[in-house]
Amino acid sequence: MLDSKTLRKETKKVSLSLKKRASDFDLDSYLKMDQKMRDLISTVEELRSSKNNINKSIASPEISENDKSDLISEVGTINKKLKESEQSLNELSEQTKKMSLEIPNILDESVPEGSSEKENVEVRSWGKLPKFDFEPKDHSELGESKGGIDFESAAKLSGSRFVVMKDGYAKLHRALKQFMLDVQTEENGYTEMYVPNIVRSDCLEGTGQLPKFADDQYKIENEEALYLIPTAEVPLTNLIRESILDQSELPIKMTAHTPCFRQEAGSYGKDTKGMIRQHQFEKVELVHIVKPEESYEALEELTKNAESILQKLNLPYRVMLLCSGDTGFSAAKTYDLEVWLPSQNTFREISSCSNCESFQSRRMKARYKNSDTKQTDYPHTLNGSGLAIGRTFIAVLENYQNEDGSITIPDVLMPYMQNRERI
RNA sequence: GGAGAGGUGGCUGAGUGGCUGAAAGCGCUCCCCUGCUAAGGGAGUAUACGUUAAUAGCGUAUCGAGGGUUCGAAUCCCUCUCUCUCCGCCA
C-alpha cells in the first residue's frame, strides 16, 4: 500500500511507475474517489464538532429546562444528517481502501524498464560451469532411476506437482535445510525463528499476496478464512504487524525454514516435469526489518547472504536485476539468483531478494519510533530466499552427478550426511 | 468441546452516563538545583485521519472489535474476538 499523500502529491512519479510496470491500475479514478472521500470526512467531522459543542451546553448546570429541550431537538436533526453522511463515508472509504490495496509498489529508479524476464539485467555471476564427459541427466531421471525420487507415489497421494523422496535423497534434502539455517544463523547473523504455517488472511494482505493473488493461495475451509503460507516471508514479516518498534530494535534479521504451499494457478504447462514447480516445497527464508535509509544496503547484504549458500555448495550462479515488468507486486527492487542446471543448459531461479520499502509495513500497520526525529515512521521490509530447498536439491543432483547416476555429496553437506560421500 | 475470570496509554493501575484522551505511580525526555557517586524541584511524554508549507496550530476518532440504547458511553445492553484458570481430549 502506498501513502495516500504520496499518491496525491507525487501523482506523476506514481503514474510513471505504474506505466513502467504496464499496470492497468486506474489512478485517476482512485484519486477522484479519494477526493470525494476527504470531502465527506470534512462534512462528517464538522457535524460531529457542532454536536459535541451542543452537548457541552446541555451538560452545563445553569441551563434552563426550556433551552435544554431546544438543544436536544437540535442535536436530533444533526444526528439524522450525521447518520446519512457516515453511512456514505463508510461505503466510500471501504471502496477506496479496497482499491488502494491493488496498487503495486513504486519501483526504485535503478530498476530497468522491460516487459518480461528477457529484459532482466545480469549484475554478476559466480563459479565455473561444470564440464561432463558424458551427457548429464536431469534431476528426475537421476532420482527416479535410483528410486530416490518418486513422482508416481506422490500423485497417488496428492495429485500432480508433489514429490516423495526416499533414503539418501530425503536425507540430502534435509541436510540442505540444516546447512542453510546453520550458515544464516551462525555466519550471517540471522535469528532463527519457528513460525506457524497457517495464517489469517490479514497476514497475506499485509505482505501483499491478498487480495490480488488469491488464486495462488491454498485456503483452508474453516469458520475463519485461514491460508497455508506460500512463503515464510508471510509469518516472519507479519511478526511486526500492528506494532510500534523502538529504533534500537532495528535492524531485525530473521530466518525460518518452512514448507511453502502454492496453487501455481496460471502456470499450466510450465515445468510440469520434475521438482522445479511444486504445490508444496521447502524454503529457508531471510527477512530484514530496517530503517528506511538503510534498506538498499540491506538488500545488497541479504542478496549476498543468499549467495553465500551457493558459493559454499560450489554451484555456479548469476545475479539478475529484475526489470520493471518482472518485479513483483510488493517489491520496489528485486534481485533473482539463478543457479546453473546442466540438464537444461541454462540458469534457473533459486532465490528472489526484494526490498519492499514501506509497502508492506504500511499494509501491516507496522511502525517504528525514530529516536532522532521523535516521529513514528514505517520501517522498510526485505525478504529473500536463502534458499529454496527443492531447487537447490535439484541443482546439487545435476551439478554433482556422476556417469553411473550417483551423486557426490558436496563437502559442506557431508557432516549432515553422516559423512557419506555418495548417494 | 464444557465451566469461570478478564481485556484501559510504554508498564502498573484508578475510573459504573457529561467536569476523562483518560487520576496516580513507574519508566522515559528536557530544564533547574546540588561538589560527589545519591537525592530534590519543574516541564513534557499515545496513535490515526482531516486541514495546513508545517512533524506549528485547529478539528475528528480511538479505553480488545463491531453493533445498540441515550441529547451524551471507557462506563448500560447485544454479538464477536483474544488472554488466563479449571475440566475433557490429545502429538
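Note: hydrogens, waters and symmetry copies are ignored here, and every other heavy atom, side chains too, is used. By convention in this document, chain letters (A, B, ...) are assigned in the order of the sequence lines, proteins followed by strands, and residues within each chain are numbered from 1.
- The CZ-C1' distance, from A:Arg48 to B:G59, rounds to 11 Å in whole Å.
- Nucleotides B:A56 and B:U51 place their P atoms 16 Å apart, quoted to the nearest Å.
- In this structure, of B:U47, B:C71, B:A61, it is B:C71 that holds the atom nearest to the side chain of A:Asn79.
- Residue A:Ile244 is in sugar-phosphate contact alone, with no base atom involved, counting any heavy-atom pair closer than 4.0 Å across all strands shown.
- Atom CG in A:Asp202 sits roughly 12 Å away from atom C1' in B:A65 (whole-Å rounding).
- Across all strands, A:Ile58 comes closer than 4.0 Å to base atoms (heavy-atom distances).
- Every residue two or more places apart in sequence or in another chain was checked for a side chain to side chain donor-acceptor pair (under 3.5 Å) with A:Thr237, and none qualifies.
- Contacts of A:Lys273 classified as salt bridge (charged side-chain N to carboxylate O under 4.0 Å, His left out), with partners at least two apart in sequence or in another chain: A:Asp138.
- Rounded to an integer number of Å, the gap from A:Arg200 CZ to B:U81 P is 10 Å.
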Identify the pairs formed between an N or O of the protein and an N or O of nucleotides 49-51 of chain B at a distance under 3.5 Å, and give each distance.
| unit_1 | atom_1 | unit_2 | atom_2 | d |
| --- | --- | --- | --- | --- |
| B:G50 | OP1 | A:Arg8 | NH2 | 3.0 |
| B:U51 | OP1 | A:Arg38 | NH1 | 2.9 |

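- A search for side chain to side chain donor-acceptor pair (under 3.5 Å) contacts involving A:Glu398 returns A:His139, A:Ser343, not counting sequence neighbours.
- Take the nearest nucleotide of RNA chain B for A:Val44 and for A:Val75: the residue whose nucleotide is more 5' is A:Val44.
- With pairs defined as Watson-Crick or G-U wobble and both atom distances under 3.5 Å, the stems of at least three pairs that touch RNA chain B come out as B:1-7 with B:81-87, B:10-12 with B:24-26, B:27-32 with B:40-45, B:46-51 with B:57-62, B:64-68 with B:76-80.
- The side chain to side chain donor-acceptor pair (under 3.5 Å) test applied to A:Glu421 returns no partner, not counting sequence neighbours.
- Counting any heavy atom pair closer than 4.0 Å across all strands shown, A:Ser73 reaches no nucleic acid atom.
- Taking the P atoms as reference points, B:A65 lies 27 Å from B:G57, given to the whole Å.
- Here the separation of B:G21 from B:U37, taken at their P atoms, is 45 Å to the nearest Å.
- Comparing A:Asn53 and A:Lys9 along RNA chain B, the residue whose closest nucleotide (by nearest heavy atom) sits nearer the 5' end is A:Lys9.
- Remark: A:Ser49 is not in phosphate contact with B:C58, judged by side-chain N or O atoms under 4.0 Å from OP1 or OP2.
- Rounded to a whole angstrom, the distance from the C1' atom of B:U69 to that of B:U79 is 15 Å.
- Of the residues listed (A:Arg200, A:Lys97, A:Arg241), the one engaging A:Glu205 in a salt bridge (charged side-chain N to carboxylate O under 4.0 Å, His left out) is A:Lys97, and it is the only one.
- Rounded to whole angstrom, the span from the NZ atom of A:Lys80 across to the C1' atom of B:C71 amounts to 14 Å.
- With sequence neighbours excluded, the residues that form a side chain to side chain contact (heavy atoms under 4.5 Å, CB included) with A:Thr376 are A:Ile244, A:Lys369.
- Taking atom P on both nucleotides, B:A5 is separated from B:C89 by 24 Å, rounded to a whole Å.
- Salt bridge A:Asp34/A:Arg8: present, at least one basic N to carboxylate O contact under 4.0 Å.
- Rounded to an integer number of Å, the gap from A:Leu47 CG to B:A61 P is 12 Å.
- Partners of A:Glu242 under the side chain to side chain contact (heavy atoms under 4.5 Å, CB included) rule, at least two apart in sequence or in another chain, are A:Lys365.
- No salt bridge links A:Glu338 with A:Arg391; every basic N to acidic carboxylate O contact stays at or beyond 4.0 Å.
- For A:Asp26, the side chain to side chain donor-acceptor pair (under 3.5 Å) partners two or more places apart in sequence, or in a different chain, are A:Ser29.
- Comparing B:U47, B:C71, B:U60 by their closest approach to the side chain of A:Lys369 singles out B:U47.
- Distance CD1 (A:Ile54) to C1' (B:C71): 9 Å, rounded to an integer number of Å.
- Taking the six-membered ring where the residue is Trp, A:Phe329 and A:Phe359 present perpendicular rings, their angle passing 60° and hence far from 30°.
- No engagement by A:Asp246 is indicated, since no non-hydrogen atom pair under 4.0 Å with the nucleic acid exists.
- For A:His279 and A:Phe261, the ring centers sit 6.0 Å or farther from each other.
- Between A:Asn55 and B:U70, a side-chain N or O to OP1/OP2 separation shorter than 4.0 Å is absent.
- In this view, A:Ser201 and A:Leu210, A:Tyr227 satisfy the side chain to side chain contact (heavy atoms under 4.5 Å, CB included) rule, not counting sequence neighbours.
- For A:Lys51 and B:U70, the shortest distance from a side-chain N or O to OP1 or OP2 is not below 4.0 Å.
- Rounded to a whole Å, the CG atom of A:Asn52 is 15 Å from the P atom of B:U20.
- Distance, A:Glu242 CD to B:C82 C1': 12 Å, rounded to whole Å.
- Annotation: proximity of residues 357-368 of chain A to RNA chain B (heavy atom, distance under 4.0 Å) is found for A:Arg367, numbered in ascending order.
- Qualifying side chain to side chain contact (heavy atoms under 4.5 Å, CB included) partners for A:Pro292, counting only residues two or more places apart in sequence or in other chains: A:Tyr368, A:Asp377, A:His380.
- Between B:U45 and B:G10, the distance separating the two C1' atoms is 10 Å to the nearest Å.
- Rounded to a whole angstrom, the distance from the P atom of B:C26 to that of B:C58 is 29 Å.
- Of the P atoms belonging to B:C30 and B:U83, the separation is 39 Å, rounded to the nearest Å.
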